[in-house]
Protein chains: 2
Amino acid sequence: MSDLLERLRARGWRMTSQRRVVAEVLAGEHVHLTADEVHARAVERLPEIARATVYNTLGELVALGEVVELSMDGRAKRYDPNAHRAHQHLVCSNCGLIRDVRPSGDPLAVLPSTERFGFAVSKADVVYRGLCPGCARAR
Amino acid sequence: MSDLLERLRARGWRMTSQRRVVAEVLAGEHVHLTADEVHARAVERLPEIARATVYNTLGELVALGEVVELSMDGRAKRYDPNAHRAHQHLVCSNCGLIRDVRPSGDPLAVLPSTERFGFAVSKADVVYRGLCPGCARAR
DNA sequence: TTCTTGACTTGGACAACGTCCATCGTAGGA
DNA sequence: TCCTACGATGGACGTTGTCCAAGTCAAGAA
(Lines give C-alpha, C1' and ligand atoms only; values in the text may rest on other atoms or scores of the structure.)
Protein backbone atom coordinates (compact mmCIF):
# COMPACT_ATOMS: atom_id res chain seq x y z
CA MET A 1 0.00 0.00 0.00
CA SER A 2 2.67 2.50 0.88
CA ASP A 3 4.42 0.54 -1.87
CA LEU A 4 1.83 2.00 -4.18
CA LEU A 5 2.31 5.54 -2.86
CA GLU A 6 6.07 5.12 -3.20
CA ARG A 7 5.83 3.96 -6.79
CA LEU A 8 3.52 6.79 -7.69
CA ARG A 9 5.75 9.40 -6.13
CA ALA A 10 8.75 7.91 -7.91
CA ARG A 11 6.92 8.36 -11.18
CA GLY A 12 6.52 12.05 -10.53
CA TRP A 13 2.90 11.80 -9.50
CA ARG A 14 1.92 14.97 -7.71
CA MET A 15 0.76 13.87 -4.29
CA THR A 16 -2.41 15.46 -2.98
CA SER A 17 -4.51 14.48 -0.01
CA GLN A 18 -7.27 13.36 -2.37
CA ARG A 19 -5.02 11.08 -4.39
CA ARG A 20 -3.50 9.65 -1.26
CA VAL A 21 -6.92 8.79 0.14
CA VAL A 22 -8.07 7.14 -3.09
CA ALA A 23 -4.90 5.06 -3.30
CA GLU A 24 -5.23 4.05 0.34
CA VAL A 25 -8.86 3.02 -0.06
CA LEU A 26 -7.95 0.82 -3.02
CA ALA A 27 -4.91 -0.72 -1.40
CA GLY A 28 -6.66 -1.19 1.92
CA GLU A 29 -9.31 -3.70 0.98
CA HIS A 30 -8.59 -6.37 -1.54
CA VAL A 31 -12.08 -6.35 -2.97
CA HIS A 32 -13.33 -4.99 -6.26
CA LEU A 33 -14.95 -1.64 -5.56
CA THR A 34 -16.96 0.53 -7.92
CA ALA A 35 -16.01 4.17 -8.37
CA ASP A 36 -18.89 5.23 -6.16
CA GLU A 37 -17.90 2.78 -3.46
CA VAL A 38 -14.39 4.17 -3.56
CA HIS A 39 -15.88 7.64 -3.30
CA ALA A 40 -18.04 6.64 -0.33
CA ARG A 41 -15.04 5.25 1.55
CA ALA A 42 -12.88 8.23 0.61
CA VAL A 43 -15.50 10.64 1.93
CA GLU A 44 -15.21 9.03 5.36
CA ARG A 45 -11.61 10.16 5.51
CA LEU A 46 -11.82 13.37 3.52
CA PRO A 47 -15.39 14.65 3.63
CA GLU A 48 -15.24 17.11 0.76
CA ILE A 49 -13.57 14.98 -1.90
CA ALA A 50 -15.46 15.29 -5.17
CA ARG A 51 -16.84 12.47 -7.22
CA ALA A 52 -15.04 13.81 -10.31
CA THR A 53 -11.74 13.64 -8.47
CA VAL A 54 -12.27 9.99 -7.65
CA TYR A 55 -13.09 9.25 -11.28
CA ASN A 56 -10.03 11.20 -12.46
CA THR A 57 -7.72 9.50 -10.01
CA LEU A 58 -8.99 6.01 -10.78
CA GLY A 59 -8.51 6.73 -14.47
CA GLU A 60 -4.94 7.80 -13.86
CA LEU A 61 -4.17 4.75 -11.76
CA VAL A 62 -5.49 2.56 -14.54
CA ALA A 63 -3.40 4.41 -17.14
CA LEU A 64 -0.34 3.95 -14.95
CA GLY A 65 -1.03 0.24 -14.76
CA GLU A 66 -1.39 0.26 -10.99
CA VAL A 67 -5.05 -0.75 -11.02
CA VAL A 68 -7.10 -2.91 -13.37
CA GLU A 69 -10.51 -1.79 -14.56
CA LEU A 70 -13.21 -4.45 -14.82
CA SER A 71 -16.41 -4.02 -16.85
CA MET A 72 -18.22 -7.15 -15.82
CA ASP A 73 -21.87 -6.85 -16.74
CA GLY A 74 -23.59 -3.65 -17.78
CA ARG A 75 -23.19 -2.25 -14.29
CA ALA A 76 -20.59 0.10 -12.88
CA LYS A 77 -16.93 -0.60 -13.57
CA ARG A 78 -14.95 -2.15 -10.75
CA TYR A 79 -11.36 -1.44 -9.81
CA ASP A 80 -8.91 -4.18 -8.93
CA PRO A 81 -5.78 -3.12 -7.02
CA ASN A 82 -4.15 -6.49 -7.66
CA ALA A 83 -2.51 -5.35 -10.91
CA HIS A 84 1.00 -6.60 -10.17
CA ARG A 85 -0.04 -10.25 -10.33
CA ALA A 86 -1.51 -11.66 -13.57
CA HIS A 87 -4.87 -13.21 -12.88
CA GLN A 88 -8.37 -13.74 -14.18
CA HIS A 89 -11.77 -13.44 -12.53
CA LEU A 90 -14.36 -15.86 -11.25
CA VAL A 91 -17.82 -14.32 -10.94
CA CYS A 92 -20.96 -15.65 -9.24
CA SER A 93 -23.81 -15.61 -11.76
CA ASN A 94 -26.27 -15.08 -8.95
CA CYS A 95 -24.86 -12.57 -6.46
CA GLY A 96 -22.03 -11.04 -8.47
CA LEU A 97 -19.26 -11.97 -6.04
CA ILE A 98 -15.85 -11.68 -7.72
CA ARG A 99 -12.73 -13.69 -6.89
CA ASP A 100 -9.29 -13.42 -8.39
CA VAL A 101 -8.08 -16.74 -9.82
CA ARG A 102 -4.94 -17.97 -11.57
CA PRO A 103 -5.51 -20.46 -14.35
CA SER A 104 -2.69 -22.85 -15.19
CA GLY A 105 -1.03 -22.01 -18.47
CA ASP A 106 -1.42 -19.08 -20.79
CA PRO A 107 -4.98 -18.49 -22.03
CA LEU A 108 -3.50 -17.08 -25.25
CA ALA A 109 -1.99 -20.45 -26.13
CA VAL A 110 -5.33 -21.97 -27.12
CA LEU A 111 -6.00 -19.44 -29.86
CA PRO A 112 -4.51 -20.88 -33.06
CA SER A 113 -2.99 -18.43 -35.52
CA THR A 114 -5.66 -19.36 -38.05
CA GLU A 115 -8.17 -17.90 -35.61
CA ARG A 116 -6.31 -14.63 -35.13
CA PHE A 117 -7.29 -13.06 -38.45
CA GLY A 118 -4.13 -10.99 -38.66
CA PHE A 119 -4.60 -9.41 -35.25
CA ALA A 120 -1.52 -8.82 -33.10
CA VAL A 121 -3.09 -10.49 -30.07
CA SER A 122 -1.47 -9.41 -26.83
CA LYS A 123 -3.68 -10.55 -23.98
CA ALA A 124 -6.69 -12.59 -22.99
CA ASP A 125 -9.18 -11.57 -20.33
CA VAL A 126 -11.15 -14.49 -18.97
CA VAL A 127 -14.28 -14.40 -16.85
CA TYR A 128 -15.23 -17.74 -15.36
CA ARG A 129 -18.87 -17.86 -14.36
CA GLY A 130 -20.80 -20.08 -11.99
CA LEU A 131 -22.48 -20.21 -8.61
CA CYS A 132 -20.50 -19.35 -5.51
CA PRO A 133 -20.77 -21.75 -2.55
CA GLY A 134 -23.29 -19.54 -0.74
CA CYS A 135 -25.62 -19.18 -3.70
CA ALA A 136 -25.30 -22.86 -4.68
CA ARG A 137 -26.36 -23.88 -1.17
CA ALA A 138 -29.37 -21.55 -1.21
CA ARG A 139 -30.83 -23.26 -4.27
CA MET B 1 -32.82 -15.74 -40.37
CA SER B 2 -36.23 -17.19 -41.03
CA ASP B 3 -34.73 -20.05 -39.03
CA LEU B 4 -34.75 -17.68 -36.12
CA LEU B 5 -38.32 -16.57 -36.75
CA GLU B 6 -39.36 -20.22 -37.08
CA ARG B 7 -37.74 -21.18 -33.80
CA LEU B 8 -39.31 -18.26 -32.02
CA ARG B 9 -42.76 -19.03 -33.33
CA ALA B 10 -42.33 -22.68 -32.38
CA ARG B 11 -41.60 -21.59 -28.84
CA GLY B 12 -44.90 -19.77 -28.67
CA TRP B 13 -43.40 -16.34 -29.13
CA ARG B 14 -46.14 -13.93 -30.09
CA MET B 15 -45.12 -12.53 -33.45
CA THR B 16 -45.52 -8.80 -33.89
CA SER B 17 -44.19 -6.58 -36.66
CA GLN B 18 -41.80 -4.98 -34.17
CA ARG B 19 -40.34 -8.29 -33.02
CA ARG B 20 -40.03 -9.50 -36.56
CA VAL B 21 -38.09 -6.39 -37.58
CA VAL B 22 -35.72 -6.62 -34.62
CA ALA B 23 -35.03 -10.29 -35.30
CA GLU B 24 -34.45 -9.57 -38.98
CA VAL B 25 -32.06 -6.73 -38.24
CA LEU B 26 -30.02 -8.98 -35.97
CA ALA B 27 -29.99 -11.94 -38.30
CA GLY B 28 -29.34 -9.82 -41.36
CA GLU B 29 -25.89 -8.51 -40.55
CA HIS B 30 -23.42 -10.67 -38.72
CA VAL B 31 -21.90 -7.81 -36.82
CA HIS B 32 -22.23 -6.88 -33.17
CA LEU B 33 -24.73 -4.06 -32.93
CA THR B 34 -25.63 -1.97 -29.90
CA ALA B 35 -29.27 -1.62 -28.89
CA ASP B 36 -29.40 1.86 -30.37
CA GLU B 37 -27.88 0.65 -33.63
CA VAL B 38 -30.51 -2.07 -33.79
CA HIS B 39 -33.13 0.58 -33.13
CA ALA B 40 -31.78 2.85 -35.88
CA ARG B 41 -31.91 0.02 -38.43
CA ALA B 42 -35.33 -1.07 -37.23
CA VAL B 43 -36.69 2.45 -37.64
CA GLU B 44 -35.77 2.35 -41.32
CA ARG B 45 -38.23 -0.48 -41.80
CA LEU B 46 -40.82 0.41 -39.17
CA PRO B 47 -40.63 4.15 -38.49
CA GLU B 48 -42.56 4.26 -35.25
CA ILE B 49 -40.92 1.42 -33.35
CA ALA B 50 -40.06 2.55 -29.83
CA ARG B 51 -36.68 2.34 -28.20
CA ALA B 52 -38.22 0.52 -25.23
CA THR B 53 -39.58 -2.16 -27.53
CA VAL B 54 -36.13 -2.79 -28.99
CA TYR B 55 -34.68 -3.09 -25.49
CA ASN B 56 -37.49 -5.43 -24.43
CA THR B 57 -37.13 -7.60 -27.50
CA LEU B 58 -33.36 -7.85 -27.24
CA GLY B 59 -33.72 -8.84 -23.60
CA GLU B 60 -36.17 -11.57 -24.52
CA LEU B 61 -33.96 -12.91 -27.29
CA VAL B 62 -31.08 -13.08 -24.81
CA ALA B 63 -33.26 -14.87 -22.24
CA LEU B 64 -34.31 -17.36 -24.92
CA GLY B 65 -30.67 -18.01 -25.73
CA GLU B 66 -31.03 -16.87 -29.33
CA VAL B 67 -28.70 -13.91 -28.94
CA VAL B 68 -25.62 -13.31 -26.79
CA GLU B 69 -25.15 -10.06 -24.91
CA LEU B 70 -21.63 -8.62 -24.80
CA SER B 71 -20.51 -5.98 -22.29
CA MET B 72 -17.08 -5.24 -23.68
CA ASP B 73 -15.84 -1.99 -22.20
CA GLY B 74 -17.98 0.44 -20.26
CA ARG B 75 -19.88 1.37 -23.39
CA ALA B 76 -23.21 0.12 -24.67
CA LYS B 77 -23.86 -3.60 -24.69
CA ARG B 78 -23.60 -5.36 -28.02
CA TYR B 79 -25.76 -8.17 -29.33
CA ASP B 80 -24.34 -11.20 -31.08
CA PRO B 81 -26.78 -13.23 -33.19
CA ASN B 82 -24.28 -16.08 -33.46
CA ALA B 83 -25.52 -17.84 -30.32
CA HIS B 84 -25.89 -21.32 -31.79
CA ARG B 85 -22.13 -21.78 -32.19
CA ALA B 86 -19.88 -21.62 -29.12
CA HIS B 87 -17.23 -18.98 -29.60
CA GLN B 88 -15.20 -16.26 -27.94
CA HIS B 89 -14.35 -12.71 -29.02
CA LEU B 90 -11.30 -10.98 -30.40
CA VAL B 91 -11.38 -7.22 -29.91
CA CYS B 92 -9.16 -4.50 -31.39
CA SER B 93 -7.73 -2.41 -28.55
CA ASN B 94 -7.63 0.60 -30.84
CA CYS B 95 -10.80 0.73 -32.91
CA GLY B 96 -13.03 -1.70 -31.04
CA LEU B 97 -13.61 -4.05 -33.98
CA ILE B 98 -14.98 -7.39 -32.76
CA ARG B 99 -14.51 -10.78 -34.43
CA ASP B 100 -15.88 -14.13 -33.37
CA VAL B 101 -13.16 -16.73 -32.83
CA ARG B 102 -13.07 -20.38 -31.83
CA PRO B 103 -10.20 -21.35 -29.54
CA SER B 104 -9.05 -24.95 -29.57
CA GLY B 105 -10.02 -26.81 -26.44
CA ASP B 106 -12.22 -25.85 -23.54
CA PRO B 107 -11.19 -22.65 -21.73
CA LEU B 108 -12.61 -24.12 -18.53
CA ALA B 109 -10.04 -26.92 -18.56
CA VAL B 110 -7.19 -24.64 -17.48
CA LEU B 111 -8.85 -23.65 -14.20
CA PRO B 112 -7.71 -26.18 -11.60
CA SER B 113 -10.21 -27.15 -8.91
CA THR B 114 -7.94 -25.58 -6.28
CA GLU B 115 -8.61 -22.27 -8.01
CA ARG B 116 -12.38 -22.67 -8.07
CA PHE B 117 -12.96 -21.89 -4.40
CA GLY B 118 -16.06 -24.06 -4.20
CA PHE B 119 -17.78 -22.36 -7.13
CA ALA B 120 -19.82 -24.51 -9.51
CA VAL B 121 -18.11 -23.07 -12.56
CA SER B 122 -20.17 -23.49 -15.70
CA LYS B 123 -18.64 -21.34 -18.40
CA ALA B 124 -15.74 -19.13 -19.37
CA ASP B 125 -16.04 -15.96 -21.41
CA VAL B 126 -12.79 -14.99 -23.06
CA VAL B 127 -11.92 -11.69 -24.68
CA TYR B 128 -8.69 -11.73 -26.66
CA ARG B 129 -7.27 -8.25 -27.17
CA GLY B 130 -4.83 -6.85 -29.66
CA LEU B 131 -4.51 -4.67 -32.73
CA CYS B 132 -6.49 -5.51 -35.82
CA PRO B 133 -4.59 -5.55 -39.14
CA GLY B 134 -5.81 -2.09 -40.10
CA CYS B 135 -4.84 -0.44 -36.82
CA ALA B 136 -1.51 -2.27 -36.66
CA ARG B 137 -0.62 -0.96 -40.14
CA ALA B 138 -1.55 2.61 -39.22
CA ARG B 139 0.99 2.69 -36.41
C1' DT C 1 -65.62 -13.38 -39.82
C1' DT C 2 -65.94 -11.05 -35.54
C1' DC C 3 -65.09 -11.00 -30.68
C1' DT C 4 -62.26 -11.17 -26.68
C1' DT C 5 -58.44 -10.88 -23.89
C1' DG C 6 -54.04 -10.78 -22.22
C1' DA C 7 -49.70 -9.90 -24.07
C1' DC C 8 -47.19 -6.30 -26.48
C1' DT C 9 -46.04 -1.43 -27.67
C1' DT C 10 -45.61 3.32 -26.82
C1' DG C 11 -43.39 7.53 -25.20
C1' DG C 12 -41.90 10.04 -21.74
C1' DA C 13 -40.10 10.30 -17.12
C1' DC C 14 -36.62 8.59 -14.45
C1' DA C 15 -32.20 6.47 -12.82
C1' DA C 16 -27.34 4.96 -12.88
C1' DC C 17 -22.95 5.85 -14.39
C1' DG C 18 -19.71 8.65 -16.25
C1' DT C 19 -17.64 13.08 -18.53
C1' DC C 20 -16.81 17.95 -19.15
C1' DC C 21 -15.59 22.49 -17.98
C1' DA C 22 -14.85 27.01 -15.83
C1' DT C 23 -13.16 28.35 -11.61
C1' DC C 24 -10.66 27.89 -7.39
C1' DG C 25 -6.92 25.92 -4.55
C1' DT C 26 -2.47 24.13 -3.56
C1' DA C 27 2.03 21.13 -4.03
C1' DG C 28 6.40 21.67 -4.74
C1' DG C 29 10.20 24.01 -7.03
C1' DA C 30 12.74 28.68 -7.42
C1' DT D 1 8.10 32.81 0.94
C1' DC D 2 6.26 33.25 -3.51
C1' DC D 3 4.70 31.49 -8.16
C1' DT D 4 2.52 28.87 -11.20
C1' DA D 5 1.11 24.95 -13.41
C1' DC D 6 -1.32 21.06 -12.18
C1' DG D 7 -5.09 19.17 -9.52
C1' DA D 8 -9.77 19.61 -7.23
C1' DT D 9 -14.42 21.18 -7.22
C1' DG D 10 -19.32 20.80 -8.26
C1' DG D 11 -22.80 21.23 -11.16
C1' DA D 12 -24.42 20.70 -15.85
C1' DC D 13 -24.64 17.49 -19.29
C1' DG D 14 -24.54 13.00 -22.08
C1' DT D 15 -25.29 8.13 -22.74
C1' DT D 16 -27.34 3.96 -21.81
C1' DG D 17 -30.90 1.60 -19.90
C1' DT D 18 -35.40 0.86 -17.03
C1' DC D 19 -40.11 1.70 -15.64
C1' DC D 20 -44.92 2.54 -16.02
C1' DA D 21 -49.71 3.72 -17.28
C1' DA D 22 -52.40 3.81 -21.20
C1' DG D 23 -53.35 2.35 -25.77
C1' DT D 24 -53.06 -1.40 -29.40
C1' DC D 25 -53.17 -5.79 -31.48
C1' DA D 26 -52.19 -11.08 -32.42
C1' DA D 27 -54.29 -15.12 -32.26
C1' DG D 28 -57.51 -18.40 -30.48
C1' DA D 29 -62.70 -19.01 -29.67
C1' DA D 30 -67.19 -19.05 -31.34
Side-chain angles (χ1 to χ4, degrees), chain A residues 5-6 8-26 32-64 66-80 96, chain B residues 5-6 8-26 32-64 66-80 96:
Chain A
L5 292 178
E6 276 314 309
L8 293 173
R9 203 188 296 273
R11 293 214 206 183
W13 216 48
R14 187 159 158 181
M15 188 54 60
T16 67
S17 53
Q18 292 86 350
R19 288 176 166 191
R20 188 191 326 277
V21 165
V22 169
E24 286 173 355
V25 165
L26 278 175
H32 303 80
L33 300 173
T34 65
D36 273 345
E37 287 166 351
V38 171
H39 180 236
R41 283 164 174 70
V43 161
E44 293 170 7
R45 306 195 192 189
L46 192 64
E48 286 316 308
I49 188 172
R51 222 166 51 98
T53 300
V54 172
Y55 276 96
N56 288 340
T57 305
L58 289 172
E60 287 157 13
L61 289 170
V62 170
L64 289 169
E66 294 290 349
V67 164
V68 171
E69 191 176 74
L70 306 176
S71 314
M72 303 278 52
D73 42 20
R75 314 283 311 156
K77 289 175 189 164
R78 295 185 170 273
Y79 293 88
D80 183 346
Chain B
L5 292 178
E6 274 316 306
L8 294 174
R9 202 188 297 273
R11 292 214 206 182
W13 215 46
R14 186 158 160 183
M15 188 54 60
T16 67
S17 52
Q18 292 86 350
R19 288 176 165 191
R20 189 192 324 279
V21 164
V22 169
E24 285 173 356
V25 165
L26 279 175
H32 303 80
L33 300 173
T34 64
D36 272 346
E37 287 166 351
V38 172
H39 181 235
R41 284 165 173 70
V43 161
E44 293 172 6
R45 306 193 192 192
L46 192 64
E48 287 316 309
I49 188 171
R51 223 166 51 97
T53 300
V54 172
Y55 276 95
N56 288 341
T57 305
L58 289 173
E60 286 157 14
L61 289 171
V62 170
L64 289 170
E66 293 291 348
V67 164
V68 172
E69 190 176 73
L70 305 177
S71 315
M72 303 276 54
D73 42 20
R75 314 284 309 158
K77 289 175 188 162
R78 294 186 170 273
Y79 293 87
D80 184 344

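Order of the sequence lines fixes the chain letters, A, B, ..., with proteins taken first and strands second; residue numbering starts at 1 for each chain.
Note that the CG atom of B:L58 and the CG atom of B:L26 stand 6.0 Å from one another [nearest 0.5 Å].
Between B:K77 and B:S71, the shortest heavy-atom contact is CG-OG, 3.9 Å. Across all their heavy atoms, A:R14 and A:R19 have their closest contact at O-NH1, 3.0 Å. Contact record, A:E37 with A:T34: OE1-N, 2.9 Å, taken as the closest heavy-atom pair. Taking all atoms of both residues into account, the shortest heavy-atom contact from A:R51 to A:H39 is N-NE2, 3.6 Å.
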Base-contact (B) and sugar-phosphate-only (S) positions in nucleotides 24-30 of chain C, heavy-atom cut-off under 4.0 Å, - elsewhere: -BBBS--
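Atom C1' of nucleotide C:dG11 and atom CG of B:N56 are separated by 12 Å, given to the nearest angstrom. Per the geometry, CZ belonging to A:R20 stands 15 Å off P belonging to D:dG7, to the nearest Å. Residue A:R51 contributes atom CZ, which lies 12 Å from atom C1' of D:dC13 at whole-angstrom precision.
Using a 4.5 Å heavy-atom threshold, the side chains of B:V68 and B:L70 count as touching. The side-chain heavy atoms of B:L5 and B:M15, taken from C-beta on, include a pair separated by under 4.5 Å. You'll find the side chain of A:D36 reaches within 4.5 Å of the side chain of A:Y55, heavy atoms only.
Of the listed nucleotides (C:dT10, C:dA13, D:dG10), C:dT10 has the atom at the smallest distance from the side chain of B:T53. Which of D:dA8, C:dG18, C:dT10 sits closest to the side chain of B:Q18 comes down to C:dT10. Side chain of A:R19, nearest nucleotide from D:dT16, C:dC17, D:dG7: D:dG7. With C:dG18, D:dG17, C:dT10 as the candidates, the nucleotide lying closest to the side chain of A:A35 is C:dG18. Considering only the side chain of A:A52, D:dG10 comes nearest among D:dG10, C:dT9, D:dA8.
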Derivation of the salt bridge (charged side-chain N to carboxylate O under 4.0 Å, His left out) call for B:E66 and B:R11: CA-CA 12 Å; B:E66 293 291 348; B:R11 292 214 206 182; 3.5 Å; yes
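Checked for salt-bridge contact, A:R41 and A:E24 miss the test: no charged N lies under 4.0 Å from a carboxylate O. With respect to B:R78 and B:E69, no salt bridge is recorded, no charged nitrogen being found less than 4.0 Å from a carboxylate O.
For the segment residues 70-79 of chain B, residues with any heavy atom less than 4.0 angstrom from an atom of DNA chain D are, sorted by number, B:R75, B:A76, B:K77. Contacts with DNA chain D (heavy atom under 4.0 Å) in residues 37-50 of chain A: A:E48, A:I49, A:A50, listed by number.
Note on A:Y55: a side-chain N or O is less than 4.0 Å away from OP1 or OP2 of C:dG18.
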